[in-house]
Visitor: 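My structure is below; once you've seen it, I'll send some questions.
Chain identifiers are assigned alphabetically (A, B, ...) following the order of the sequence lines, protein sequences preceding nucleic acid strands; residue numbering begins at 1 within each chain.
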Number of protein chains: 2
Amino acid sequence: MARTKRFDEEEVLNNAMLFFWHKGYNGTSPQEILDELGLSRSSLYDTYGDKRSLFISTLKRYRDTVTGDVIRLLETADNIPEAIKSLFQQSRNSCFSGEEKNGCFMVNSKVELALHDEEVAAIVKENREALENAFTNAIKRGQEKGQLSKDNQPRALARFIMNNLWGLTVHSKSGADKKVFDDIIRMTLSVIK
Amino acid sequence: MARTKRFDEEEVLNNAMLFFWHKGYNGTSPQEILDELGLSRSSLYDTYGDKRSLFISTLKRYRDTVTGDVIRLLETADNIPEAIKSLFQQSRNSCFSGEEKNGCFMVNSKVELALHDEEVAAIVKENREALENAFTNAIKRGQEKGQLSKDNQPRALARFIMNNLWGLTVHSKSGADKKVFDDIIRMTLSVIK
DNA sequence: ATATTTGTGGAACAAAAGTTCCGTTATCAT
DNA sequence: ATGATAACGGAACTTTTGTTCCACAAATAT
């Protein structure tokens with residue numbers, strides 16, 4: 001009965017996510033998003049609520065897409081050590097091919113906001129737990145299949161892996177070169193046997 | 001010949017650092033600093049320049065104090081494995097005793113700004129390199145003293161250690177509990193032999 | 001004591017940020 | 001076609017941000 005939206009709701013949300021991902025919450029103004037995406041102010045506020053609501057929606061989108069993909073990879077992988085290795089390679093490559101030095105949106109957001117926004121804190125906490133569980137279960141499967149030694153406790157190893165993946169996202173903003181990444185990845189993977 | 005400042009220049013700089021550390025660059029307004037520190041607007045601008053200059057000064061102060069202390073510890077430590085272990089314990093404790101969940105000011109700043117401010121990028125890069133060198137030299141000494149095995153290349157081990165320390169600063173914003181920290185630290189230290 | 005110099009308090013301001021509101025426009029069910 | 005509904009464009013507004021400016025105050029060298 002009413003006019004249809006002139007923009008794609010998911011596409012705008014995705015682009016807004018890229019803004020917040022790249023420049024942070026406090027570093028991004030509604031105006032910038034409007035200028036770039038070309039939709040009208042009223043449409044933005046009508047559809048997504050205020051700036052903070054929009055931000056929360058983009059963070060949830062990240063959880064459902066990027067984090068979701070990692071979890072699904074871990075759930076379906078046949079070769080667990082290879083799957084873990086490929087996550088590290090992916091992290092490394094994203095820092096040196098193209099413009100993808102944005103790091104991880106979850107990491108960026110928790111560093112900027114977790115101390116000051118309870119809802120953000122809850123999302124990143126849940127995100128961490130979901131990832132930890134996915135890694136833990138994958139490691140258990142790997143151990144049962146004989147792909148990984150049973151010397152390490154699955155959950156402890158999962159936490160250790162995540163710590164190094166997050167460390168790499170910090171390294172991506174630190175001006176470190178490829179050799180730094182290679183050293184870290186080699187040392188981390190040496191533990192995963 | 002002229003009037004003396006009514007405030008302590010170093011003390012105000014230190015307090016401004018705490019603000020930026022806690023709330024980030026874009027999350028902190030000059031007004032907040034003025035309200036809290038009680039000096040006048042003109043004094044602030046006269047002494048430290050604009051907001052960005054003030055921020056850069058606080059970042060350099062952090063480098064000279066906090067990072068400097070770590071480097072000096074590594075340079076003077078007799079027992080290298082113990083020194084490294086104590087850095088991890090320090091990181092762990094600061095997340096659970098008192099209000100120190102601010103993480104590392106360098107890490108926070110590079111995540112927020114390194115992509116958008118060349119001077120910040122240069123400072124955090126230099127900071128990373130100085131720390132890496134300090135760890136590397138300490139590890140070499142530890143190996144020469146027979147405190148550490150020579151299986152690992154000193155620089156690679158240094159990078160790996162830093163990656164895990166930075167990972168912990170991210171974990172401090174992720175709602176992780178003590179057990180998570182303990183697992184990560186135990187696994188990391190198991191590599192340092 | 002005075003001149004010189006620098007610090008201080010606070011008014012003032014331009015620009016940006018974040019949001020609301022409303023008249024107009026497009027869509028579609030009837 | 002028409003009317004109900006929702007989207008759009010953009011004016012407008014309130015705060016906040018970041019900064020400058022200037023009259024006045026205090027310290028000190030002479």
Visitor: Can you list everything that forms a side-chain hydrogen bond (donor to acceptor under 3.5 Å, both in side chains) with R61(A)? Sequence neighbours excluded, please.
Guide: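 Result, side-chain hydrogen bond (donor to acceptor under 3.5 Å, both in side chains) vs R61(A): E10(A), N14(A).
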Visitor: Going by salt bridge (charged side-chain N to carboxylate O under 4.0 Å, His left out), name the residues that satisfy it together with R6(B), two or more places apart in sequence or in a different chain.
Guide: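 Listed in chain order: nothing, the list is empty.
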Visitor: Atom CZ of F7(B) and atom C1' of dG9(C): how far apart are they, to the nearest Å?
Guide: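 After rounding, the reported distance stands at 13 Å.
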Visitor: Using the heavy-atom set of chain A and a strict 4.0 Å cut-off, write down the first and last nucleotide of DNA chain D that makes it in, 5' to 3'.
Guide: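 Both ends considered, the range comes out as dA4(D) to dA11(D).
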Visitor: Taking the ring centre of each residue, are Y62(B) and F55(B) less than 6.0 Å apart?
Guide: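 No, the ring centres sit 6.0 Å or more apart.
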Visitor: Applying salt bridge (Lys or Arg N to Asp or Glu O under 4.0 Å) as the test, list every pair that has at least one member in residues 74-90 of chain A; sequence neighbours left out.
Guide: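 Passing the test, one end in residues 74-90 of chain A: no pairs.
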Visitor: Can K140(B) be said to sit on top of F135(B)'s aromatic six-ring, NZ or CZ under 6.0 Å from centre and within 45° of the ring axis?
Guide: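 No, K140(B) does not sit over the ring of F135(B).
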Visitor: Each nucleotide in nucleotides 21-30 of chain C should get exactly one letter: B, S or -. Can you fill that in based on protein heavy atoms under 4.0 Å?
Guide: B---BBBBS-
Visitor: Scan residues 109-123 of chain A against DNA chain D and write down, sorted by residue number, each residue with any heavy atom closer than 4.0 Å; if none is found, say none.
Guide: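 Residues of residues 109-123 of chain A that come under 4.0 Å of DNA chain D do not exist, since none gets that close.
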Visitor: Applying salt bridge (Lys or Arg N to Asp or Glu O under 4.0 Å), which residue pairs with at least one partner in residues 12-33 of chain A are found, sequence neighbours left out?
Guide: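 Found K23(A)-E32(A).
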Visitor: For the residue pair T169(B) and G103(B), what are the closest heavy atoms and their distance?
Guide: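 Distance-wise, the nearest heavy atoms are CB-CA, 4.5 Å.
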Visitor: Any residue in residues 45-52 of chain A with a heavy atom nearer than 4.0 angstrom to DNA chain C? Just list them by number, or reply none.
Guide: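 Those residues are Y45(A), D50(A), K51(A).
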Visitor: At what distance, to the nearest 0.5 angstrom, does CG of L54(B) lie from OH of Y25(B)?
Guide: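 L54(B) atom CG to Y25(B) atom OH measures 9.0 Å (nearest 0.5 Å).
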Visitor: Taking atom P of dG10(C) as reference, at what distance in whole Å does atom CG of L39(B) sit?
Guide: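 Spelled out: CG on L39(B) to P on dG10(C) is 13 Å.
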Visitor: Please, which pairs that meet salt bridge (Lys or Arg N to Asp or Glu O under 4.0 Å) have at least one residue in residues 33-46 of chain B, sequence neighbours excluded?
Guide: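 Checked against salt bridge (Lys or Arg N to Asp or Glu O under 4.0 Å) - neighbours excluded - no pair reaches residues 33-46 of chain B.
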Visitor: Which salt bridge (Lys or Arg N to Asp or Glu O under 4.0 Å) pairs, counting each pair once, include a residue from residues 120-130 of chain B, with sequence neighbours left out?
Guide: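 Passing the test, one end in residues 120-130 of chain B: R63(B)-E126(B), K125(B)-E129(B), R128(B)-E132(B).
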Visitor: Looking at N163(A) and G167(B), what are the two nearest heavy atoms and their distance?
Guide: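 It is OD1-C, 2.9 Å.
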Visitor: Between N133(A) and T136(A), do the side chains contain a donor N or O and an acceptor N or O under 3.5 Å apart?
Guide: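 No pair is found: no donor N or O on one side chain lies under 3.5 Å from an acceptor on the other.
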Visitor: When hydrophobic residues are tied together by side-chain contacts of less than 4.5 Å, even through go-betweens, does V124(A) share a cluster with V111(A)?
Guide: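 Looking at the clustering, V111(A) is in a separate group from V124(A).
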Visitor: Residues of residues 26-34 of chain B with any non-hydrogen atom less than 4.0 angstrom from an atom of DNA chain D: list those, numerically ordered, please.
Guide: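 The answer is T28(B), S29(B), P30(B).
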Visitor: Which heavy-atom pair separates N152(A) from Q143(A) by the least distance, and what is that distance?
Guide: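 Minimum heavy-atom contact is O-NE2, 3.0 Å.
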Visitor: Show every donor-acceptor pair shorter than 3.5 Å between a side-chain atom in residues 174-189 of chain A and any protein atom, with sequence neighbours excluded, or say none if there are none.
Guide:
residue	atom	partner	partner atom	Å
S174(A)	OG	V170(A)	O	2.8
S174(A)	OG	K110(B)	NZ	2.9
D177(A)	OD1	K179(A)	N	3.2
D177(A)	OD1	V180(A)	N	3.4
D182(A)	OD1	R92(A)	NH1	2.7
D182(A)	OD2	R92(A)	NH1	3.0
D183(A)	OD1	R186(A)	NH2	2.4
D183(A)	OD2	R159(B)	NH1	2.6
T188(A)	OG1	N164(A)	OD1	3.3
T188(A)	OG1	I184(A)	O	2.8

